[in-house]
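Report on one structure; see the data block that follows.
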Amino acid sequence: MKNFHIKLITLLCLFSLLPSCGGAPITTEAPITDDTSAVTEEPITENTFFELDGSVKMENGMIRNIDGDKNKIIISRESLEASNTFDFKFSFDSKSAILRVYLDIKQDENGEITSAKMLRIDPLNGRFNLIEIKGDEQTQLGYAKYPFQTKTEYQVRIRNLSNSISVYFGTDEIETAPIIDVYCTRPAKAKLGICFNGSTKSEISEPTYQRSTAPAEDNRYKNPMLTSTVIADPTVLLYEGTYYMFTTGSFMCRTSTDLINWKEAGAVASSTTLYGTKYFGGAGIYERDGTFYLLYTSHQTESSGLSVFYATSDKILGPYVQKGTMQDHVLLSQNSPAGSFLFNDPVSGKDILYFYRTDPNIGNVLYATNVTVADGKITITDRTPTKLTEPSEAWERKSENGASTPVCERPNVIYRDGYYYVFYAGSHYKTSYSEGYIVSDNPLTGFVKPKDTNPLLDATASITGVGCTWIVESPDGSELFVLYHAHDEVDSYRKRRLCMDRLTFRENPEGGPDIPVIHGPTVTYQPAPFK
């Protein structure tokens, strides 16, 4: 027997054949028409976009489901071209209601619907799901999490392009970056189907039909960037208008002034002159009072675990040197610590070192400890670090490709409106990986891992292996971006590529700290950072 929603739409006699949507590698080129920045509104003749049955009515500009105990379909009379988008508003009387928006219907010779794509908005579980339906099978193409509230108006934009679907979301206004963005081959035209499902009433506005317009070629970017080289674990320092980026595996620096165009700036140090024996990685540069500190990981001996070292220079591009013994330049060595972040607390003015280490029978665990940074030296002032969080959720404990290590690693910290946000990667890098966060009003204690909004960044049908974010401001300081790496292809973890997406914050409907939102992973063209 066919799934319930397929049977409902079958009654509507919709059209058009549809090639399947799938997991294209992230290196696939999208046509220039698949851009994301601007739309031009084309109003539709009043009350002709929907065909309404007796169980729904137009009320104060909203189409109201007045028979709440049944599933109701509303179908558009308009053809939605693949080069267009549409916006709509919706609200729920109860979280038990579900709103489904259907696209791209495929029928057999008997009119039976065999495939479709569906945006499922589920307030009870706090999720947007973009799903491909083929017969009785469903495949998730992408998803986003949001803690919906009842009797609250939300806005959605679905960009319906020739080889992709992008979903945008907002409350006061629709945000300029998508929450779901996937490659998908689409028919030239399609009609719009909407289904209310659940035991309570719901409402949706009459959609506004729009056409996409392309941003200028010099004002856009598309993931992955730097496709000719392997990029893992990017760290970035913005200094005097220039971004300096380092990655795991070398001390090579790349520079940029716009976050899009990067050029080689040479190595800032050499493993032959620094302490350590093997696996030099995790490099990051920090500046304090005119001195630059290079933090990196390596092994003290051939048989020891990883340690965190530092070196210094009076120039950002080095050379970085170490004056004194090895132990003078080892910050952490217990239980194979690695991947550190040096944070200056804007409230107290004190420095804190965030890091992760491997704890027996637990996995990779996040910690923090107080340090002093002065006169070319970093000194640990508290030898009993504070545990922040450990891998406890399914997205931190994935088992794929022969990897099953529970992981919380690679912290990156920002302070915002009285709260400290620690962003970190969950699960082994060989898996589909994810990025999440914990938050507290204290930089060392009281961190909470929100379940209804984590993870912030996860795999889609188009891109996987997303994680290890690094947060930077746009050149003009008006936006936040996260740089991160992704697997070169959805079915391979061996190579990683540099990606970037916007980071925004939404007001928490429950009160407390705002909710971070990483608008990605994106694969279509995105507006460039403001200069």
Side-chain angles (χ1 to χ4, degrees), residues 21 23 26 36 85-92 95 97-101 103 117-132 138-149 152-161 164-184 223 393-395 421 423 426 432-437 449-467 469 480-482 484 486 499-510 514-524 526:
C21 175
I26 62 177
T36 60
T85 70
F86 62 92
D87 297 350
F88 61 89
K89 300 176 182 179
F90 70 92
S91 66
F92 297 102
K95 287 188 177 182
I98 292 174
L99 176 63
R100 295 184 177 98
V101 181
L103 309 165
K117 298 185 187 69
M118 174 181 68
L119 178 66
R120 184 178 189 271
I121 302 172
D122 178 1
L124 185 62
N125 293 299
R127 291 173 74 97
F128 292 85
N129 291 84
L130 184 61
I131 296 169
E132 183 176 40
Q138 296 187 20
T139 301
Q140 180 170 274
L141 304 180
Y143 78 96
K145 303 184 77 172
Y146 186 78
F148 291 100
Q149 297 293 297
T152 300
E153 187 175 83
Y154 299 104
Q155 302 180 71
V156 171
R157 169 174 296 162
I158 301 178
R159 179 161 275 116
N160 214 33
L161 299 173
S164 66
I165 294 178
S166 302
V167 180
Y168 301 75
F169 173 74
T171 48
D172 295 334
E173 61 182 20
I174 297 175
E175 296 182 349
T176 58
I179 57 171
I180 301 174
D181 189 53
V182 296
Y183 284 132
C184 194
N223 291 323
E393 304 300 314
W395 64 271
Y421 295 82
F423 297 79
S432 57
Y433 221 31
S434 299
E435 185 79 9
Y437 77 105
K449 185 186 302 180
K451 290 189 177 183
D452 56 353
T453 50
N454 268 313
L456 299 175
L457 190 68
D458 206 353
T460 70
S462 302
I463 191 169
T464 188
V466 292
T469 62
L480 290 177
F481 283 81
V482 292
Y484 59 96
C499 296
M500 180 175 73
D501 280 307
R502 282 171 165 83
L503 170 66
T504 63
F505 286 81
R506 295 178 182 149
E507 182 179 355
N508 191 332
E510 303 287 351
D514 287 346
I515 299 170
V517 179
I518 298 177
H519 294 266
T522 65
V523 290
T524 60
Q526 301 298 311

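Basis for what follows: all heavy atoms, side chains included, without hydrogens, waters or symmetry-related copies. In this text the structure is predicted, and so the values were computed from the model without any measurement.
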Using the side chain to side chain contact (heavy atoms under 4.5 Å, CB included) rule, take Tyr168 and Val156 through it: C-alpha gap first, then chi angles, then the decisive distance, then the call.
CA-CA 6 Å; Tyr168 301 75; Val156 171; over 6 Å; no

Centroid separation Tyr146 to Tyr154 less than 6.0 Å
yes

Less than 6.0 angstrom separating the ring centers of Phe169 and Phe128, yes or no?
yes

What is the minimum heavy-atom distance between [X] and [Y], and which atoms define it?
X: Ile463; Y: Cys499; result: CD1-SG, 4.1 Å
X: Pro147; Y: Asp452; result: CB-OD2, 3.8 Å
X: Pro516; Y: Leu503; result: CB-CD1, 4.1 Å
X: Leu457; Y: Pro521; result: CD1-N, 3.5 Å
X: Gly426; Y: Tyr433; result: O-CD1, 3.5 Å
X: Cys184; Y: Lys117; result: SG-CE, 2.5 Å

Report yes if some heavy atom in the side chain of [X] is under 4.5 Å from a heavy atom in the side chain of [Y]; otherwise report no.
X: Ser462; Y: Thr460; result: yes
X: Ile165; Y: Leu103; result: yes
X: Val101; Y: Met118; result: no
X: Glu132; Y: Gln138; result: no
X: Ile518; Y: Val482; result: yes
X: Thr139; Y: Ile131; result: no
X: Thr171; Y: Arg506; result: no

Sidechain-backbone polar pair: [X] side chain, [Y] backbone, donor-acceptor under 3.5 Å:
X: Gln526; Y: Thr524; value: yes
X: Asp181; Y: Ser166; value: no
X: Asp501; Y: Thr522; value: yes
X: Lys95; Y: Gln149; value: no

Determine, for Arg502 against Glu175, whether the closest basic-nitrogen to carboxylate-oxygen distance falls under 4.0 angstrom.
no

To the nearest 0.5 Å, what is the distance between [atom1] on [X] and [atom2] on [Y]?
X: Asp122; Y: Lys145; atom1: CG; atom2: NZ; value: 11.5 Å
X: Thr504; Y: His519; atom1: OG1; atom2: NE2; value: 2.5 Å
X: Ile180; Y: Asn129; atom1: CD1; atom2: CG; value: 7.0 Å
X: Arg120; Y: Arg100; atom1: CZ; atom2: CZ; value: 5.5 Å

Check against side chain to side chain contact (heavy atoms under 4.5 Å, CB included), Lys449 and Asn454
CA-CA 8 Å; Lys449 185 186 302 180; Asn454 268 313; 3.7 Å; yes

Measure from NZ or CZ of Arg127 to the centre of the six-membered ring of Tyr143, then state whether that distance is under 6.0 Å and the direction lies within 45° of the axis.
yes

Evaluation steps, side chain to side chain contact (heavy atoms under 4.5 Å, CB included), between Ile121 and Ile98
CA-CA 6 Å; Ile121 302 172; Ile98 292 174; over 6 Å; no

Check ring-ring contact (aromatic ring centres under 6.0 Å, His included) between Tyr484 and all other residues, then give those that pass, not counting sequence neighbours.
none

Aromatic plane relationship, Phe88 with Phe86 - under 30° parallel, 30 to 60° tilted, over 60° perpendicular:
parallel

Is there a side chain to side chain contact (heavy atoms under 4.5 Å, CB included) between Tyr437 and Thr453 once you walk through the steps?
CA-CA 9 Å; Tyr437 77 105; Thr453 50; 3.0 Å; yes

Do we see a donor-acceptor contact under 3.5 Å between the side chains of Thr469 and Glu435?
yes

Verdict with supporting geometry, Gln155 and Asp87, side chain to side chain donor-acceptor pair (under 3.5 Å)
CA-CA 7 Å; Gln155 302 180 71; Asp87 297 350; over 6 Å; no

